[in-house]
Structures are given as structure tokens and as C-alpha cells.
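Since the structure comes first, as C-alpha cells, the remarks are kept for the end.
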Number of protein chains: 2
Amino acid sequence: MTASANTIAEVASLIGDPARANILSALMGGKALTAGELAWNAGVSAQTTSGHLAKLSEAGLLAVEKQGRHRYYRLASSEIAQVMEALMNVAATGPKRHRPTGPKDEAMRLARTCYDHMAGRLGIAIADALCAHGRLILSDGSGAVTEEGQKFFCEFGVDLKTGGKRALCRTCLDWSERRPHLAGRLGAALFTRSLDLGWVARIPDSRSLRITPPGRLGFAKTFGLPSDWLEPV
Amino acid sequence: MTASANTIAEVASLIGDPARANILSALMGGKALTAGELAWNAGVSAQTTSGHLAKLSEAGLLAVEKQGRHRYYRLASSEIAQVMEALMNVAATGPKRHRPTGPKDEAMRLARTCYDHMAGRLGIAIADALCAHGRLILSDGSGAVTEEGQKFFCEFGVDLKTGGKRALCRTCLDWSERRPHLAGRLGAALFTRSLDLGWVARIPDSRSLRITPPGRLGFAKTFGLPSDWLEPV
DNA sequence: GGGATGTTTCGGCCGCGGCCGAAGTGTTCC
DNA sequence: GGAACACTTCGGCCGCGGCCGAAACATCCC
């Protein structure tokens with residue numbers, strides 16, 4: 001089982017069904033979700049979702065973990081997330097996105113998870129500040145950590161060495177702000193470290209993140225964010 | 001006309017048809033191809049291909065240019081190429097690729113185009129050498145040009161400034177060698193410069209590149225390739 | 001045990017979309 | 001002009017695959 005699809009068309013056509021695309025998008029939040037939650041996200045019945053999940057797992061796009069009577073699904077690899085990012089990029093290039101600025105929406109714009117790293121104005125402000133202080137060089141789409149950056153990240157408590165073959169530093173075009181934020185292994189490490197420090201916290205049933213008071217202080221002080229980063233660009 | 005599809009599923013499902021995936025893959029060679037050539041690549045009739053091409057153009061994945069009684073199609077943007085790269089990555093992760101090492105295949109492995117830059121052992125050797133000489137920092141998946149690199153590229157005759165919003169330096173996982181080579185604006189610039197210098201030449205009806213004798217000399221001398229870069233890794 | 005709840009399997013309906021043959025439009029060449 | 005060529009449009013066939021209702025497992029709780 002899980003015998004990986006092996007042609008481009010097979011993979012693309014799996015993503016090409018609206019229900020399955022919704023499932024994968026939901027999982028871009030980075031958390032593992034149950035089949036039921038995914039059914040809700042996909043907007044189809046539980047039976048139908050079950051079929052989709054089986055196909056996606058079979059093809060190696062999703063990984064599944066049994067836990068009691070629940071089955072938790074997550075994206076199988078960061079490569080899959082990369083495909084989704086690239087697709088979002090292209091999809092976003094279309095006609096004007098509608099911008100229904102609800103209150104819940106506003107929280108998403110401020111700070112949210114994107115697969116396994118931080119996005120929204122927070123993510124962008126962090127990326128900008130790292131560049132401004134010469135800790136990171138981003139030539140949009142890609143990037144590298146400077147010597148000074150290595151020292152900085154080390155002091156901040158993230159380990160740049162471990163993590164294997166995954167790209168250390170990538171950028172990801174922000175859905176709401178249309179500017180790049182930090183992805184890749186480094187983006188993921190910054191996120192988990194921020195969670196550990198209690199600077200941000202997940203808001204239940206949502207991809208939004210809450211920035212805690214110590215977080216507000218910490219981000220501003222450690223990363224040197226400009227005072228106006230909370231404002232929309 | 002060309003009213004850009006705007007959901008992930010729409011884009012993915014366009015790529016998800018085998019014939020269309022073949023068309024897009026063929027265009028990853030970087031050259032614009034006629035409808036007839038694409039029909040041959042897709043393995044379906046001209047009428048069927050025409051329909052596919054219309055859909056792809058309509059969605060903004062392809063750009064088309066009329067020239068006499070031919071219509072030349074090409075990928076509409078580098079974002080599309082990125083999606084295809086990401087998909088190839090995932091598709092390649094499947095069960096062992098068959099490696100039918102024919103003679104034509106061998107030429108492809110040595111040097112070929114990948115959308116608009118060089119791939120194969122040549123592409124990899126260049127990327128490796130640039131890193132070894134401290135002109136480039138690649139933390140795989142992304143990269144940045146060092147100060148020394150900027151001087152080097154300037155002397156080599158490629159302009160890093162112009163080119164707009166496209167990523168300067170990206171890496172692309174090599175299909176045959178499974179190692180990263182140089183993509184992005186820099187990869188494209190190196191390729192066109194190499195063509196101009198007559199170091200490489202396109203082999204007709206193929207994505208393969210021929211490395212000319214001056215090219216052999218030039219690459220070795222200018223980039224400082226190791227003596228054994230012609231051998232498979 | 002029995003009754004919720006979460007998930008999958010089965011069976012059948014139905015529509016979308018890929019495919020090709022034939023015919024139509026536009027272009028080039030002699 | 002007419003013939004060859006490149007490409008598109010039209011019409012109809014056909015099958016794959018998404019969808020749900022019903023029912024079967026599986027697990028947890030009391």
C-alpha cells in the first residue's frame with residue numbers, strides 16, 4: 001500500500017478535483033486533521049471524503065496515523081507542500097481576488113500558519129527585518145543565511161544544522177499580502193521556536209495565530225521589527 | 001480571452017490530463033513549439049490537441065504567438081514552470097524510475113535545457129563549481145550570489161540587475177541525476193550567455209544540448225570545473 | 001452488553017470531458 | 001486560380017470517476 005503515483009499527470013489530476021484540492025489546502029495549515037474535519041473542509045460527505053483520502057494516501061501525497069477511532073491525515077512531505085504553494089501562486093495570478101474583510105479574516109491576515117511556518121503580516125515583517133539587519137539575503141524566491149545570521153539564529157535557539165535534505169531557506173508568496181515570507185527548514189524552525197517560547201499560539205479550528213504579549217515584545221526586540229508592522233501594507 | 005483560471009483545482013486539473021501534461025512537459029524545454037509538434041508530443045490527434053491548447057491558453061498557462069500559418073505556444077510564465085518542476089519532484093519520488101540508457105538518453109543526461117536554463121551533468125557541474133569557488137551559496141532549494149560572485153558574473157558578461165520580479169537564483173532538482181542545478185533568472189542568463197558564446201548549441205528536435213569544443217575549454221577554464229565532470233556521478 | 005461516534009465499503013446513478021471523423025477557416029506556394 | 005498545409009470548430013460516442021444512500025466495521029463510553 002501507499003505505492004506512490006509516478007507521473008506528473010497522475011499527481012496533478014489527484015490535486016485537480018475540487019474536493020481533494022480543498023483537503024490538501026486545509027492540510028497546508030500544517031496540522032494533522034481527522035477524516036471528519038477534512039470532509040467538512042472538502043464540502044462533501046464522509047463516504048466521498050474517505051474515497052478521496054484513500055486515493056491521496058495510496059499515491060503518497062498524504063500520510064495517515066491511526067489514533068483510536070480517529071485517523072489523522074497530514075501532507076506526506078514538504079515536496080507536496082511545495083507543489084501546493086506553486087499552484088497557489090499560479091491560481092492567485094488570476095482576476096482580482098475578492099477581499100471579504102471579515103473579522104476572522106483580519107486575524108488570518110495578521111498571523112497564520114502556512115504548512116509549517118508563519119505567514120501573514122507577521123511572517124512578512126520577520127522576513128523583512130532579517131534582511132534589513134543583514135542576517136538573511138533574499139533574492140525573491142530564494143535566500144541564504146549570512147554569517148551574522150547564523151550567529152543570530154544560534155543565539156535565538158534554532159539549529160540550522162539538523163534537518164536533512166530539505167531546503168534550508170525558501171520564500172513563499174503570501175496569499176493575503178502578495179509579498180514573500182520565509183519558508184523552508186528555517187521558516188519551520190523559527191515557527192516551532194516561537195511556539196516553544198510562547199510568543200505565538202494556535203487559535204483552535206483555524207490557521208490563525210495569536211501573538212501573545214510577550215511575543216509582541218520579543219519579536220519587536222529580538223528581530224528589530226519596525227514599529228508599524230501591525231498595519232496593513 | 002485568456003481569462004486566467006483562479007482556483008488551485010482548476011489549474012491542477014488542467015495539468016492532470018495526460019495529453020496536456022505531455023504538452024506542458026514538452027514546453028519545459030524552453031522553446032516555443034507549434035500546435036502540430038505539440039500534438040505529436042501529446043500523442044493525440046491534431047483536433048484534440050487544438051482543444052487542449054485552447055483550454056490551456058484560456059486559463060493563462062500558455063502564451064501563443066501567430067506566425068504565418070503556424071501558432072507557436074510557450075509556457076506563459078516562470079510560475080507555471082515552477083509548478084511543473086514541483087510536480088516532477090513529487091512524481092519522481094515514486095517507485096524506482098526505469099533507466100533505459102539509450103544513446104539519445106545519454107545525450108540528455110549530459111546536457112539539456114530545463115525550461116530556460118541548463119540541466120544534466122553540465123548544469124550540476126556548473127552549480128557545484130560556482131559553490132566551490134565561493135561565488136554562490138546554495139542551501140539546497142535556494143541560493144544567493146556572493147560579492148565575489150557578482151564580480152565574476154559581471155566579467156562573464158551576464159547582467160544580474162535587469163529582469164524584474166523573477167527570482168534571481170533558484171535551484172531545480174535534476175531529473176536524471178537527482179541533484180540540484182541552477183535555475184531562476186541567473187540560470188537563464190548563464191544559458192543564454194553560453195549560447196551567445198557558442199559554448200553550447202541546441203540539438204534540433206530535442207531538449208539535448210551539444211557542448212562545442214570551445215565550450216568544453218571555456219567551461220573548464222572560466223568556471224573551474226573538475227576534470228571528471230563528464231563522468232556520471 | 002448496547003448505543004453513540006468515526007470511518008470505510010458497496011452499489012448504482014449521472015454528468016463531465018476526452019477522443020476522433022468530417023468539415024470549415026486561414027495561409028503559403030506555384 | 002488551385003492545391004497543399006496548419007490549425008480550429010462541430011457533432012456524436014463512450015467511459016471514467018465523483019457523488020450519495022445504505023450498510024458494515026471499528027472504537028470508545030457507560
Side-chain angles (χ1 to χ4, degrees), chain A residues 1-3 5 7-27 31-59 61-74 204-205, chain B residues 1-3 5-27 31-59 61-74 205:
Chain A
M1 25 228 92
T2 69
T7 74
I8 294 179
E10 279 163 10
V11 177
S13 106
L14 280 170
I15 307 177
D17 174 83
R20 285 192 295 256
N22 284 335
I23 289 173
L24 292 166
S25 296
L27 290 172
K31 267 199 325 189
L33 299 176
T34 66
E37 289 168 322
L38 290 171
W40 190 88
N41 273 285
V44 292
S45 71
Q47 317 88 289
T48 303
T49 303
S50 177
H52 287 312
L53 292 174
K55 283 184 191 176
L56 290 169
S57 307
E58 170 79 11
L61 300 197
L62 294 186
V64 58
E65 207 167 331
K66 264 184 88 162
Q67 208 167 103
R69 58 181 162 179
H70 295 282
R71 296 215 175 167
Y72 282 91
Y73 288 88
R74 57 181 174 77
D205 304 321
Chain B
M1 32 215 85
T2 70
N6 49 9
T7 75
I8 294 178
E10 279 163 10
V11 177
S13 104
L14 280 171
I15 308 177
D17 173 84
R20 284 192 296 257
N22 285 335
I23 289 173
L24 292 166
S25 296
L27 291 172
K31 267 201 320 189
L33 300 176
T34 67
E37 290 168 319
L38 290 172
W40 189 87
N41 273 285
V44 293
S45 72
Q47 315 87 289
T48 303
T49 303
S50 177
H52 287 313
L53 291 174
K55 283 184 191 175
L56 290 169
S57 308
E58 170 80 9
L61 299 198
L62 294 187
V64 59
E65 206 167 330
K66 264 184 87 163
Q67 209 166 102
R69 58 181 163 182
H70 295 283
R71 295 213 176 169
Y72 282 90
Y73 288 88
R74 59 181 173 76
D205 303 321

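Residue numbers start from 1 in every chain, and the chains themselves are labelled A, B, ... in the order their sequence lines are given, proteins ahead of strands.
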Write down the distance between [atom1] ([X]) and [atom2] ([N]), rounded to a whole number of angstrom.
{"X": "L33(A)", "N": "dG6(C)", "atom1": "CG", "atom2": "P", "answer": "15 Å"}
{"X": "R71(B)", "N": "dT28(C)", "atom1": "CZ", "atom2": "P", "answer": "13 Å"}
{"X": "Y72(B)", "N": "dT8(D)", "atom1": "OH", "atom2": "P", "answer": "14 Å"}

Q.
Five pairs per end, C1' atoms only: what is the angle between the end axes of the helix from dG1(C)-dC30(D) to dC30(C)-dG1(D), to 10 degrees?
A.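 Angle reported: 30°, given to the nearest ten degrees.
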
Checking all strands, does [X] fall into the base, sugar-phosphate, or nothing category for heavy-atom contacts under 4.0 angstrom?
{"X": "A46(B)", "result": "base"}
{"X": "T49(B)", "result": "nothing"}
{"X": "Y73(A)", "result": "sugar-phosphate"}

Q. What is the per-nucleotide protein-contact pattern of nucleotides 23-30 of chain D, from the 5' end, where B denotes a base atom under 4.0 Å from a protein heavy atom, S denotes such proximity for sugar-phosphate atoms only, and - denotes neither?
A. ----BS--

**Q.** Nucleic acid contacts of residues 36-43 of chain B, taken as heavy-atom distances under 4.0 Å to DNA chain C
**A.** none

Name each donor-acceptor pair under 3.5 Å that joins a side chain in residues 13-26 of chain B to protein atoms two or more places apart or in another chain, with its distance.
unit_1 : atom_1 : unit_2 : atom_2 : d
D17(B) : OD2    : A19(B) : N      : 3.0
D17(B) : OD2    : R20(B) : N      : 3.2
R20(B) : NE     : L14(B) : O      : 2.6
R20(B) : NH1    : H52(B) : ND1    : 3.1
R20(B) : NH2    : S13(B) : O      : 3.3
N22(B) : ND2    : P18(B) : O      : 3.3
S25(B) : OG     : A21(B) : O      : 2.9

Q: Measure the spacing between CG of L53(B) and NZ of K55(B) and express it to the nearest 0.5 Å.
A: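 Reported to 0.5 Å precision, the distance equals 11.5 Å.
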
Q.
Once rounded to the nearest 0.5 Å, what's the spacing between atom CG of L38(A) and atom OG1 of T49(A)?
A.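 Answer rounded to 0.5 Å: 7.5 Å.
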
Review item, nucleotides 15-19 of chain C N/O atoms under 3.5 Å of protein N/O:
unit_1  : atom_1 : unit_2 : atom_2 : d
dG18(C) : OP1    : R20(B) : NH1    : 2.9
dG18(C) : OP1    : R20(B) : NH2    : 2.9
dG18(C) : OP2    : K55(B) : NZ     : 2.5
dC19(C) : OP2    : H52(B) : NE2    : 2.6

Q) Do you know the tightest heavy-atom contact between A46(A) and A39(A)? A)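 Closest heavy-atom pair between A46(A) and A39(A): CA-CB, 4.2 Å.
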
Q: Would you name the heavy atoms of L27(A) and Y73(A) that are closest together and state the gap between them?
A: CD2-O, 3.3 Å

Q) Does a side-chain N or O from H70(A) land closer than 4.0 Å to OP1 or OP2 of dT7(C), or not? A)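 Yes, because at least one side-chain N or O of H70(A) sits under 4.0 Å from OP1 or OP2 of dT7(C).
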
Q | Qualifying side-chain hydrogen bond (donor to acceptor under 3.5 Å, both in side chains) pairs, either residue in residues 31-41 of chain B, two or more places apart | A |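 For residues 31-41 of chain B, and leaving out neighbouring residues, the side-chain hydrogen bond (donor to acceptor under 3.5 Å, both in side chains) pairs sorted by first residue read T34(B)-E37(B).
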
